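The structure follows.
Predicted, not measured: the structure shown is a model, and the values here were computed from it. Protein chains get the first letters and strands the later ones, always in sequence-line order, with residue 1 at the start of each.
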There are 2 protein chains.
Amino acid sequence: MTLGTSQLDTSQPGRGPDASPKLGRKRDHTRDPDILEAALEVLAETGYDGMTMEMVAARAKAGKATLYRRWPSKGELVIDAVACMKRGGFDRDHLPDTGTLRGDLVAMIKPHAVEDGARKMRIMAGLMSMISRTPELAEAARAAIVEPRASANRILLQRAIDRGEISADCDIDNLAMLSQSMAIYRVLVLQKPVNREFFIGLIDGIVLPAVGLGRPQAQRDGNTAR
Amino acid sequence: MTLGTSQLDTSQPGRGPDASPKLGRKRDHTRDPDILEAALEVLAETGYDGMTMEMVAARAKAGKATLYRRWPSKGELVIDAVACMKRGGFDRDHLPDTGTLRGDLVAMIKPHAVEDGARKMRIMAGLMSMISRTPELAEAARAAIVEPRASANRILLQRAIDRGEISADCDIDNLAMLSQSMAIYRVLVLQKPVNREFFIGLIDGIVLPAVGLGRPQAQRDGNTAR
DNA sequence: TCTATACGAAACCAAACAGTTCCGGATATG
DNA sequence: CATATCCGGAACTGTTTGGTTTCGTATAGA
(Lines give C-alpha, C1' and ligand atoms only; values in the text may rest on other atoms or scores of the structure.)
Protein backbone atom coordinates (compact mmCIF):
# COMPACT_ATOMS: atom_id res chain seq x y z
CA MET A 1 0.00 0.00 0.00
CA THR A 2 1.04 3.52 0.47
CA LEU A 3 3.69 4.26 2.98
CA GLY A 4 3.41 3.05 6.46
CA THR A 5 0.08 4.69 6.79
CA SER A 6 -2.35 2.06 7.73
CA GLN A 7 -5.11 3.41 9.85
CA LEU A 8 -4.37 5.36 12.95
CA ASP A 9 -4.95 3.45 16.08
CA THR A 10 -7.93 5.14 17.66
CA SER A 11 -7.59 3.48 20.99
CA GLN A 12 -6.30 6.66 22.56
CA PRO A 13 -8.78 7.93 25.11
CA GLY A 14 -10.97 10.88 24.33
CA ARG A 15 -10.01 11.47 20.74
CA GLY A 16 -12.55 13.60 19.00
CA PRO A 17 -13.80 12.85 15.54
CA ASP A 18 -11.59 15.63 14.18
CA ALA A 19 -8.29 14.12 13.23
CA SER A 20 -6.29 17.33 13.34
CA PRO A 21 -4.89 17.92 16.79
CA LYS A 22 -5.18 21.52 17.76
CA LEU A 23 -2.71 21.35 20.56
CA GLY A 24 0.54 19.70 21.34
CA ARG A 25 2.94 18.36 18.78
CA LYS A 26 1.43 17.90 15.44
CA ARG A 27 4.26 16.02 13.86
CA ASP A 28 2.90 12.67 13.04
CA HIS A 29 5.05 9.62 13.55
CA THR A 30 8.33 11.22 12.69
CA ARG A 31 10.18 8.08 13.57
CA ASP A 32 8.50 5.85 11.05
CA PRO A 33 11.28 5.85 8.48
CA ASP A 34 13.89 5.03 11.08
CA ILE A 35 11.81 2.20 12.42
CA LEU A 36 11.12 0.76 8.99
CA GLU A 37 14.77 0.96 8.12
CA ALA A 38 15.71 -0.71 11.37
CA ALA A 39 13.18 -3.43 10.71
CA LEU A 40 14.77 -4.14 7.33
CA GLU A 41 18.21 -4.32 8.86
CA VAL A 42 17.20 -6.69 11.58
CA LEU A 43 15.25 -8.71 9.04
CA ALA A 44 18.28 -9.07 6.83
CA GLU A 45 20.46 -10.06 9.74
CA THR A 46 18.30 -12.45 11.69
CA GLY A 47 15.37 -13.43 9.51
CA TYR A 48 11.72 -12.99 10.24
CA ASP A 49 11.44 -15.44 13.07
CA GLY A 50 14.68 -14.47 14.69
CA MET A 51 13.70 -10.85 14.63
CA THR A 52 12.14 -9.45 17.77
CA MET A 53 10.34 -6.19 18.25
CA GLU A 54 12.87 -5.25 20.88
CA MET A 55 15.69 -5.62 18.40
CA VAL A 56 13.92 -3.31 15.99
CA ALA A 57 13.13 -0.82 18.72
CA ALA A 58 16.69 -0.83 19.99
CA ARG A 59 18.10 -0.44 16.49
CA ALA A 60 15.84 2.51 15.82
CA LYS A 61 16.48 3.89 19.28
CA ALA A 62 12.77 3.74 19.89
CA GLY A 63 10.54 2.11 22.44
CA LYS A 64 8.50 -0.95 21.77
CA ALA A 65 5.43 1.08 22.62
CA THR A 66 6.16 3.36 19.70
CA LEU A 67 6.23 0.42 17.36
CA TYR A 68 2.94 -0.93 18.57
CA ARG A 69 1.38 2.51 18.54
CA ARG A 70 1.93 2.48 14.84
CA TRP A 71 1.68 -1.12 13.70
CA PRO A 72 -0.69 -3.65 15.19
CA SER A 73 1.71 -6.56 15.00
CA LYS A 74 5.14 -7.69 14.01
CA GLY A 75 3.77 -9.10 10.78
CA GLU A 76 2.25 -5.81 9.75
CA LEU A 77 5.45 -3.98 10.49
CA VAL A 78 7.44 -6.33 8.32
CA ILE A 79 4.98 -6.11 5.45
CA ASP A 80 5.10 -2.36 5.66
CA ALA A 81 8.87 -2.28 5.83
CA VAL A 82 9.20 -4.47 2.78
CA ALA A 83 6.59 -2.56 0.86
CA CYS A 84 8.33 0.73 1.59
CA MET A 85 11.62 -0.60 0.32
CA LYS A 86 11.20 0.81 -3.13
CA ARG A 87 14.60 2.36 -3.59
CA GLY A 88 16.80 0.72 -6.12
CA GLY A 89 13.92 0.42 -8.48
CA PHE A 90 15.24 1.07 -11.92
CA ASP A 91 13.51 3.88 -13.63
CA ARG A 92 12.43 3.31 -17.17
CA ASP A 93 14.18 6.48 -18.27
CA HIS A 94 17.44 5.87 -16.50
CA LEU A 95 18.13 2.49 -17.98
CA PRO A 96 21.38 2.14 -19.87
CA ASP A 97 21.19 2.43 -23.62
CA THR A 98 24.48 1.42 -25.13
CA GLY A 99 23.18 0.20 -28.44
CA THR A 100 23.85 -3.47 -27.80
CA LEU A 101 22.10 -5.90 -25.53
CA ARG A 102 25.34 -6.99 -23.95
CA GLY A 103 26.33 -3.41 -23.32
CA ASP A 104 23.03 -2.70 -21.67
CA LEU A 105 23.06 -5.79 -19.50
CA VAL A 106 26.63 -5.22 -18.39
CA ALA A 107 25.91 -1.60 -17.69
CA MET A 108 23.27 -2.73 -15.24
CA ILE A 109 25.91 -4.33 -13.07
CA LYS A 110 27.05 -1.33 -11.13
CA PRO A 111 28.82 -1.98 -7.84
CA HIS A 112 26.03 -0.20 -6.04
CA ALA A 113 23.43 -2.36 -7.72
CA VAL A 114 25.30 -5.52 -6.84
CA GLU A 115 25.68 -4.54 -3.23
CA ASP A 116 22.09 -3.45 -2.97
CA GLY A 117 21.04 -6.67 -4.62
CA ALA A 118 22.96 -8.70 -2.06
CA ARG A 119 21.17 -6.87 0.71
CA LYS A 120 17.86 -7.60 -0.90
CA MET A 121 18.76 -11.23 -1.22
CA ARG A 122 19.44 -11.34 2.49
CA ILE A 123 16.12 -9.74 3.23
CA MET A 124 14.45 -12.19 0.93
CA ALA A 125 16.13 -15.04 2.74
CA GLY A 126 14.81 -13.71 6.01
CA LEU A 127 11.33 -13.54 4.57
CA MET A 128 11.35 -16.98 3.02
CA SER A 129 9.91 -18.89 5.91
CA MET A 130 7.05 -16.45 6.26
CA ILE A 131 6.51 -15.72 2.61
CA SER A 132 4.81 -18.98 1.82
CA ARG A 133 2.26 -18.42 4.54
CA THR A 134 1.48 -14.76 3.95
CA PRO A 135 0.42 -13.96 0.39
CA GLU A 136 0.33 -10.29 1.24
CA LEU A 137 3.96 -10.42 2.22
CA ALA A 138 4.87 -12.47 -0.80
CA GLU A 139 3.36 -9.85 -3.06
CA ALA A 140 5.11 -7.01 -1.26
CA ALA A 141 8.44 -8.77 -1.46
CA ARG A 142 7.98 -9.56 -5.11
CA ALA A 143 7.06 -6.00 -5.98
CA ALA A 144 9.81 -4.40 -3.95
CA ILE A 145 12.72 -6.78 -4.31
CA VAL A 146 12.71 -8.74 -7.51
CA GLU A 147 10.20 -7.18 -9.84
CA PRO A 148 12.07 -3.92 -10.44
CA ARG A 149 15.10 -5.65 -11.82
CA ALA A 150 13.10 -8.21 -13.74
CA SER A 151 11.09 -5.55 -15.49
CA ALA A 152 14.24 -3.59 -16.25
CA ASN A 153 15.67 -6.68 -17.91
CA ARG A 154 12.45 -7.14 -19.78
CA ILE A 155 12.68 -3.64 -21.19
CA LEU A 156 16.27 -4.14 -22.24
CA LEU A 157 15.41 -7.36 -24.01
CA GLN A 158 12.41 -5.84 -25.70
CA ARG A 159 14.54 -2.98 -26.99
CA ALA A 160 16.98 -5.50 -28.41
CA ILE A 161 14.11 -7.12 -30.22
CA ASP A 162 12.79 -3.81 -31.46
CA ARG A 163 16.11 -2.83 -32.94
CA GLY A 164 16.40 -6.21 -34.59
CA GLU A 165 19.37 -7.35 -32.59
CA ILE A 166 17.72 -10.51 -31.37
CA SER A 167 14.80 -12.62 -32.49
CA ALA A 168 11.29 -11.85 -31.34
CA ASP A 169 10.87 -15.50 -30.43
CA CYS A 170 13.03 -15.19 -27.37
CA ASP A 171 11.60 -16.26 -24.06
CA ILE A 172 11.75 -12.77 -22.63
CA ASP A 173 9.81 -13.53 -19.49
CA ASN A 174 12.05 -16.28 -18.32
CA LEU A 175 15.21 -14.56 -19.45
CA ALA A 176 14.30 -11.45 -17.51
CA MET A 177 14.00 -13.43 -14.32
CA LEU A 178 17.05 -15.52 -14.93
CA SER A 179 19.66 -13.39 -13.24
CA GLN A 180 17.47 -12.86 -10.20
CA SER A 181 16.69 -16.53 -9.94
CA MET A 182 20.27 -17.60 -10.20
CA ALA A 183 21.39 -14.93 -7.79
CA ILE A 184 18.90 -16.02 -5.17
CA TYR A 185 19.93 -19.59 -5.64
CA ARG A 186 23.56 -18.70 -5.36
CA VAL A 187 23.19 -16.67 -2.21
CA LEU A 188 20.62 -18.74 -0.40
CA VAL A 189 21.48 -22.25 -1.42
CA LEU A 190 25.06 -22.22 -2.56
CA GLN A 191 26.03 -19.56 -0.06
CA LYS A 192 28.47 -18.08 -2.47
CA PRO A 193 28.96 -14.38 -3.09
CA VAL A 194 27.08 -12.70 -5.87
CA ASN A 195 29.51 -10.37 -7.53
CA ARG A 196 30.19 -8.75 -10.85
CA GLU A 197 31.95 -11.76 -12.32
CA PHE A 198 28.98 -13.93 -11.54
CA PHE A 199 26.60 -11.71 -13.45
CA ILE A 200 28.98 -11.34 -16.36
CA GLY A 201 29.29 -15.09 -16.50
CA LEU A 202 25.54 -15.41 -16.63
CA ILE A 203 25.22 -12.87 -19.41
CA ASP A 204 27.93 -14.33 -21.58
CA GLY A 205 27.37 -17.95 -20.71
CA ILE A 206 23.62 -18.18 -20.84
CA VAL A 207 21.60 -15.10 -21.69
CA LEU A 208 23.38 -14.01 -24.83
CA PRO A 209 23.78 -17.52 -26.23
CA ALA A 210 20.12 -18.17 -25.51
CA VAL A 211 19.06 -15.19 -27.60
CA GLY A 212 21.24 -16.22 -30.47
CA LEU A 213 24.03 -13.73 -29.97
CA GLY A 214 26.48 -16.54 -29.46
CA ARG A 215 29.30 -16.48 -27.06
CA PRO A 216 31.31 -13.29 -27.44
CA GLN A 217 34.61 -15.10 -27.31
CA ALA A 218 36.77 -12.20 -28.30
CA GLN A 219 35.45 -9.52 -26.04
CA ARG A 220 36.25 -11.09 -22.70
CA ASP A 221 38.16 -13.77 -20.94
CA GLY A 222 37.00 -17.26 -20.13
CA ASN A 223 34.27 -17.47 -17.59
CA THR A 224 33.41 -21.08 -17.81
CA ALA A 225 36.32 -22.10 -15.70
CA ARG A 226 35.60 -25.42 -14.18
CA MET B 1 1.80 -39.46 4.92
CA THR B 2 0.99 -42.59 6.75
CA LEU B 3 4.23 -44.27 6.86
CA GLY B 4 4.26 -47.98 7.27
CA THR B 5 7.90 -48.78 7.68
CA SER B 6 9.77 -46.26 5.65
CA GLN B 7 12.96 -47.56 4.21
CA LEU B 8 14.86 -44.55 5.27
CA ASP B 9 17.35 -45.93 7.66
CA THR B 10 18.27 -49.54 8.04
CA SER B 11 19.92 -49.28 11.39
CA GLN B 12 17.88 -51.74 13.33
CA PRO B 13 18.27 -55.19 11.79
CA GLY B 14 21.82 -56.29 12.10
CA ARG B 15 22.99 -55.16 15.46
CA GLY B 16 26.67 -54.80 15.91
CA PRO B 17 28.42 -57.63 17.71
CA ASP B 18 29.43 -55.49 20.61
CA ALA B 19 26.35 -53.61 21.67
CA SER B 20 24.00 -56.54 22.02
CA PRO B 21 22.07 -56.18 25.25
CA LYS B 22 21.64 -59.42 27.04
CA LEU B 23 18.24 -58.76 28.40
CA GLY B 24 15.12 -56.86 27.62
CA ARG B 25 14.19 -55.55 24.22
CA LYS B 26 17.03 -55.15 21.90
CA ARG B 27 15.25 -53.12 19.27
CA ASP B 28 17.18 -49.95 18.98
CA HIS B 29 15.31 -46.79 18.14
CA THR B 30 12.91 -48.44 15.81
CA ARG B 31 10.92 -45.27 15.47
CA ASP B 32 13.70 -43.19 14.02
CA PRO B 33 12.57 -43.36 10.40
CA ASP B 34 9.04 -42.38 11.29
CA ILE B 35 10.26 -39.49 13.35
CA LEU B 36 12.59 -38.23 10.65
CA GLU B 37 9.83 -38.48 8.09
CA ALA B 38 7.45 -36.63 10.37
CA ALA B 39 10.04 -33.95 10.92
CA LEU B 40 10.35 -33.43 7.17
CA GLU B 41 6.61 -33.17 6.78
CA VAL B 42 6.21 -30.65 9.54
CA LEU B 43 9.21 -28.78 8.22
CA ALA B 44 7.67 -28.53 4.79
CA GLU B 45 4.36 -27.39 6.19
CA THR B 46 5.34 -24.91 8.85
CA GLY B 47 8.99 -24.05 8.37
CA TYR B 48 11.80 -24.45 10.82
CA ASP B 49 10.70 -21.85 13.29
CA GLY B 50 7.06 -22.75 13.12
CA MET B 51 7.85 -26.37 13.72
CA THR B 52 7.65 -27.63 17.28
CA MET B 53 8.89 -30.84 18.73
CA GLU B 54 5.39 -31.65 19.83
CA MET B 55 4.15 -31.40 16.26
CA VAL B 56 6.80 -33.82 15.16
CA ALA B 57 6.09 -36.17 18.02
CA ALA B 58 2.37 -36.08 17.36
CA ARG B 59 2.83 -36.64 13.65
CA ALA B 60 5.06 -39.62 14.31
CA LYS B 61 2.76 -40.86 17.06
CA ALA B 62 5.68 -40.67 19.41
CA GLY B 63 6.41 -38.94 22.67
CA LYS B 64 8.58 -35.90 22.97
CA ALA B 65 10.78 -37.90 25.30
CA THR B 66 11.51 -40.32 22.50
CA LEU B 67 12.70 -37.50 20.31
CA TYR B 68 15.01 -36.13 22.94
CA ARG B 69 16.28 -39.58 23.78
CA ARG B 70 17.64 -39.72 20.29
CA TRP B 71 18.52 -36.17 19.29
CA PRO B 72 19.90 -33.58 21.67
CA SER B 73 17.98 -30.67 20.19
CA LYS B 74 15.53 -29.56 17.59
CA GLY B 75 18.34 -28.31 15.40
CA GLU B 76 20.09 -31.66 15.40
CA LEU B 77 16.89 -33.43 14.54
CA VAL B 78 16.30 -31.20 11.57
CA ILE B 79 19.83 -31.59 10.31
CA ASP B 80 19.51 -35.33 10.60
CA ALA B 81 16.16 -35.36 8.88
CA VAL B 82 17.43 -33.34 5.98
CA ALA B 83 20.59 -35.36 5.69
CA CYS B 84 18.63 -38.61 5.61
CA MET B 85 16.42 -37.33 2.84
CA LYS B 86 18.35 -39.02 0.10
CA ARG B 87 15.51 -40.48 -1.87
CA GLY B 88 14.90 -38.95 -5.22
CA GLY B 89 18.58 -38.80 -5.81
CA PHE B 90 19.10 -39.66 -9.42
CA ASP B 91 21.41 -42.55 -9.86
CA ARG B 92 24.12 -42.16 -12.41
CA ASP B 93 23.09 -45.42 -14.02
CA HIS B 94 19.39 -44.76 -14.13
CA LEU B 95 19.58 -41.49 -15.97
CA PRO B 96 17.68 -41.33 -19.23
CA ASP B 97 19.69 -41.85 -22.37
CA THR B 98 17.59 -41.03 -25.38
CA GLY B 99 20.37 -40.00 -27.69
CA THR B 100 19.52 -36.31 -27.73
CA LEU B 101 19.98 -33.69 -25.07
CA ARG B 102 16.40 -32.58 -25.36
CA GLY B 103 15.17 -36.10 -25.06
CA ASP B 104 17.22 -36.64 -21.94
CA LEU B 105 16.16 -33.42 -20.31
CA VAL B 106 12.50 -33.98 -21.07
CA ALA B 107 12.73 -37.54 -19.84
CA MET B 108 13.85 -36.18 -16.49
CA ILE B 109 10.50 -34.51 -16.01
CA LYS B 110 8.51 -37.37 -14.67
CA PRO B 111 5.36 -36.54 -12.70
CA HIS B 112 6.90 -38.12 -9.65
CA ALA B 113 10.04 -36.05 -10.00
CA VAL B 114 8.05 -32.85 -10.34
CA GLU B 115 5.95 -33.58 -7.30
CA ASP B 116 8.94 -34.62 -5.26
CA GLY B 117 10.73 -31.51 -6.39
CA ALA B 118 7.89 -29.32 -5.19
CA ARG B 119 8.05 -30.97 -1.80
CA LYS B 120 11.77 -30.34 -1.63
CA MET B 121 11.21 -26.73 -2.54
CA ARG B 122 8.86 -26.40 0.39
CA ILE B 123 11.34 -28.01 2.72
CA MET B 124 14.01 -25.70 1.42
CA ALA B 125 11.76 -22.74 2.04
CA GLY B 126 11.23 -23.89 5.58
CA LEU B 127 14.95 -24.17 6.08
CA MET B 128 15.80 -20.81 4.60
CA SER B 129 15.66 -18.80 7.76
CA MET B 130 17.94 -21.22 9.56
CA ILE B 131 20.16 -22.11 6.68
CA SER B 132 22.15 -18.91 6.69
CA ARG B 133 23.03 -19.35 10.33
CA THR B 134 23.87 -23.02 10.34
CA PRO B 135 26.52 -23.98 7.80
CA GLU B 136 26.08 -27.60 8.71
CA LEU B 137 22.44 -27.43 7.78
CA ALA B 138 23.17 -25.50 4.63
CA GLU B 139 25.51 -28.21 3.48
CA ALA B 140 23.07 -30.98 4.34
CA ALA B 141 20.28 -29.23 2.48
CA ARG B 142 22.41 -28.58 -0.55
CA ALA B 143 23.61 -32.17 -0.70
CA ALA B 144 20.19 -33.69 -0.19
CA ILE B 145 17.86 -31.36 -2.02
CA VAL B 146 19.44 -29.58 -4.92
CA GLU B 147 22.73 -31.24 -5.66
CA PRO B 148 21.32 -34.54 -6.89
CA ARG B 149 19.36 -32.93 -9.67
CA ALA B 150 22.07 -30.47 -10.53
CA SER B 151 24.63 -33.18 -10.92
CA ALA B 152 22.22 -35.23 -12.97
CA ASN B 153 21.82 -32.30 -15.32
CA ARG B 154 25.55 -31.88 -15.42
CA ILE B 155 25.99 -35.47 -16.51
CA LEU B 156 23.37 -35.11 -19.21
CA LEU B 157 25.05 -32.00 -20.55
CA GLN B 158 28.46 -33.58 -20.43
CA ARG B 159 27.20 -36.54 -22.39
CA ALA B 160 25.81 -34.19 -25.00
CA ILE B 161 29.23 -32.62 -25.28
CA ASP B 162 30.95 -35.97 -25.49
CA ARG B 163 28.78 -37.11 -28.32
CA GLY B 164 29.37 -33.85 -30.14
CA GLU B 165 25.82 -32.67 -29.95
CA ILE B 166 26.72 -29.38 -28.30
CA SER B 167 29.83 -27.32 -27.96
CA ALA B 168 32.30 -27.93 -25.17
CA ASP B 169 32.27 -24.22 -24.43
CA CYS B 170 28.87 -24.38 -22.83
CA ASP B 171 28.52 -23.07 -19.33
CA ILE B 172 27.61 -26.44 -17.93
CA ASP B 173 27.79 -25.46 -14.30
CA ASN B 174 25.30 -22.68 -14.58
CA LEU B 175 23.09 -24.53 -17.01
CA ALA B 176 22.88 -27.49 -14.66
CA MET B 177 21.60 -25.27 -11.88
CA LEU B 178 19.27 -23.30 -14.06
CA SER B 179 16.13 -25.37 -13.72
CA GLN B 180 16.54 -25.65 -9.96
CA SER B 181 17.12 -21.95 -9.63
CA MET B 182 14.16 -20.98 -11.70
CA ALA B 183 11.97 -23.53 -9.95
CA ILE B 184 12.86 -22.21 -6.52
CA TYR B 185 12.23 -18.69 -7.71
CA ARG B 186 8.92 -19.66 -9.19
CA VAL B 187 7.68 -21.50 -6.16
CA LEU B 188 8.97 -19.26 -3.41
CA VAL B 189 8.86 -15.83 -4.97
CA LEU B 190 6.31 -15.99 -7.73
CA GLN B 191 4.18 -18.53 -5.86
CA LYS B 192 3.24 -20.19 -9.07
CA PRO B 193 3.06 -23.91 -9.60
CA VAL B 194 6.04 -25.74 -10.99
CA ASN B 195 4.72 -28.23 -13.45
CA ARG B 196 5.74 -30.06 -16.55
CA GLU B 197 4.97 -27.18 -18.88
CA PHE B 198 7.18 -24.90 -16.90
CA PHE B 199 10.19 -27.17 -17.23
CA ILE B 200 9.53 -27.80 -20.92
CA GLY B 201 9.38 -24.07 -21.45
CA LEU B 202 12.70 -23.68 -19.73
CA ILE B 203 14.34 -26.38 -21.79
CA ASP B 204 13.05 -25.12 -25.13
CA GLY B 205 13.18 -21.44 -24.33
CA ILE B 206 16.51 -21.16 -22.61
CA VAL B 207 18.64 -24.23 -22.13
CA LEU B 208 18.62 -25.58 -25.65
CA PRO B 209 19.01 -22.17 -27.31
CA ALA B 210 21.86 -21.42 -24.92
CA VAL B 211 23.77 -24.50 -26.00
CA GLY B 212 23.31 -23.69 -29.64
CA LEU B 213 20.56 -26.16 -30.41
CA GLY B 214 18.22 -23.38 -31.33
CA ARG B 215 14.55 -23.29 -30.62
CA PRO B 216 13.07 -26.58 -31.64
CA GLN B 217 9.97 -25.25 -33.28
CA ALA B 218 9.95 -27.95 -35.89
CA GLN B 219 11.00 -30.98 -33.92
CA ARG B 220 8.26 -30.93 -31.30
CA ASP B 221 4.96 -29.29 -31.62
CA GLY B 222 2.85 -27.85 -28.90
CA ASN B 223 5.45 -28.00 -26.21
CA THR B 224 6.58 -24.42 -26.22
CA ALA B 225 3.07 -23.15 -26.55
CA ARG B 226 2.11 -21.17 -23.51
C1' DT C 1 4.76 29.77 29.86
C1' DC C 2 1.25 26.43 29.69
C1' DT C 3 -0.74 22.31 27.74
C1' DA C 4 -1.58 18.44 25.02
C1' DT C 5 0.60 15.03 22.68
C1' DA C 6 4.03 11.71 21.11
C1' DC C 7 8.01 9.75 22.59
C1' DG C 8 11.69 6.34 25.05
C1' DA C 9 12.31 3.35 28.74
C1' DA C 10 11.04 -0.07 31.56
C1' DA C 11 7.99 -2.99 33.97
C1' DC C 12 4.61 -6.22 33.20
C1' DC C 13 1.49 -10.20 31.40
C1' DA C 14 0.24 -14.37 29.07
C1' DA C 15 1.21 -17.75 25.79
C1' DA C 16 4.18 -20.81 23.53
C1' DC C 17 7.89 -23.71 23.40
C1' DA C 18 12.42 -26.26 24.23
C1' DG C 19 13.85 -29.44 27.10
C1' DT C 20 13.15 -32.73 31.39
C1' DT C 21 11.16 -36.01 34.33
C1' DC C 22 8.18 -39.54 35.68
C1' DC C 23 5.28 -43.46 35.09
C1' DG C 24 2.47 -47.22 33.35
C1' DG C 25 2.65 -50.41 29.72
C1' DA C 26 4.34 -53.16 25.98
C1' DT C 27 7.62 -56.57 24.52
C1' DA C 28 11.20 -59.49 23.83
C1' DT C 29 14.49 -62.38 26.17
C1' DG C 30 15.74 -65.73 29.63
C1' DC D 1 6.77 -65.87 34.64
C1' DA D 2 10.56 -62.54 35.66
C1' DT D 3 13.30 -58.97 34.06
C1' DA D 4 15.33 -55.41 31.66
C1' DT D 5 14.62 -52.12 28.29
C1' DC D 6 12.28 -49.02 25.36
C1' DC D 7 8.19 -46.59 24.37
C1' DG D 8 4.13 -43.05 24.54
C1' DG D 9 1.88 -39.74 27.20
C1' DA D 10 1.42 -36.33 30.28
C1' DA D 11 2.86 -33.15 33.66
C1' DC D 12 6.37 -29.83 34.74
C1' DT D 13 10.05 -26.01 34.38
C1' DG D 14 12.37 -22.07 32.77
C1' DT D 15 12.90 -18.94 29.23
C1' DT D 16 11.67 -16.24 25.44
C1' DT D 17 8.79 -13.06 23.24
C1' DG D 18 4.70 -10.78 21.35
C1' DG D 19 1.98 -7.46 23.04
C1' DT D 20 0.27 -3.95 26.85
C1' DT D 21 0.54 -0.56 30.24
C1' DT D 22 2.61 3.02 32.87
C1' DC D 23 5.30 6.97 33.56
C1' DG D 24 8.52 10.69 33.17
C1' DT D 25 10.02 13.78 29.50
C1' DA D 26 10.71 16.50 25.32
C1' DT D 27 8.55 19.45 22.22
C1' DA D 28 5.54 22.33 19.39
C1' DG D 29 1.76 25.21 19.25
C1' DA D 30 -1.45 28.41 21.82
In whole angstrom, what separates A/I35's CD1 from C/dG8's C1'? 11 Å
Does A/R154 come within less than 4.0 Å of A/E147, counting only side-chain N to carboxylate O? yes
Let me know the distance between CG of B/L67 and P of C/dG19, rounded to the nearest Å. 11 Å
Does any donor-acceptor pair link the side chain of A/R69 with the base of C/dG8 at a separation under 3.5 Å? yes
Expressed in angstrom and rounded to an integer, what is the separation of B/R70 atom CZ from D/dG8 atom P? 14 Å
For A/I123, side chain to side chain contact (heavy atoms under 4.5 Å, CB included) partners two or more places apart: A/L40, A/L43, A/A44, A/M85, A/R119, A/L127, A/I145
Check A/A152 against A/M108 and note the closest heavy-atom contact, atom names and distance. CB-CE, 3.8 Å
Which of C/dT21, C/dA9, C/dA18 is nearest the side chain of B/A65? It is C/dT21
Given B/L157, which partner from the list B/D104, B/L175, B/D173 fulfils the side-chain contact (heavy atoms from CB on, under 4.5 Å) test? B/L175
Describe the nucleic acid contact of A/K61 in one word from base, sugar-phosphate, nothing, applying a heavy-atom distance below 4.0 Å. sugar-phosphate
Flag the pair A/R196 and A/E115 as a salt bridge only when some basic side-chain nitrogen lies within less than 4.0 angstrom of an acidic carboxylate oxygen. no
Cation-pi between A/K74 and A/Y48: NZ/CZ under 6.0 Å from ring centre and within 45° of the ring axis? yes
Starting at atom OH of B/Y68, determine the distance to atom C1' of D/dA10, rounded to an integer number of angstrom. 15 Å
Whole-Å distance between C/dA6 C1' and A/D32 CG? 12 Å
Quick check for you: among D/dC7, D/dT20, C/dG19, whose closest atom lies nearest to any side-chain atom of A/K64? D/dT20
Please list residues of residues 48-59 of chain A whose heavy atoms come under 4.0 Å from any atom in DNA chain C, ordered by number; otherwise none. none
Can a side chain N or O of B/T66 be found less than 4.0 Å away from OP1 or OP2 on D/dC7? no
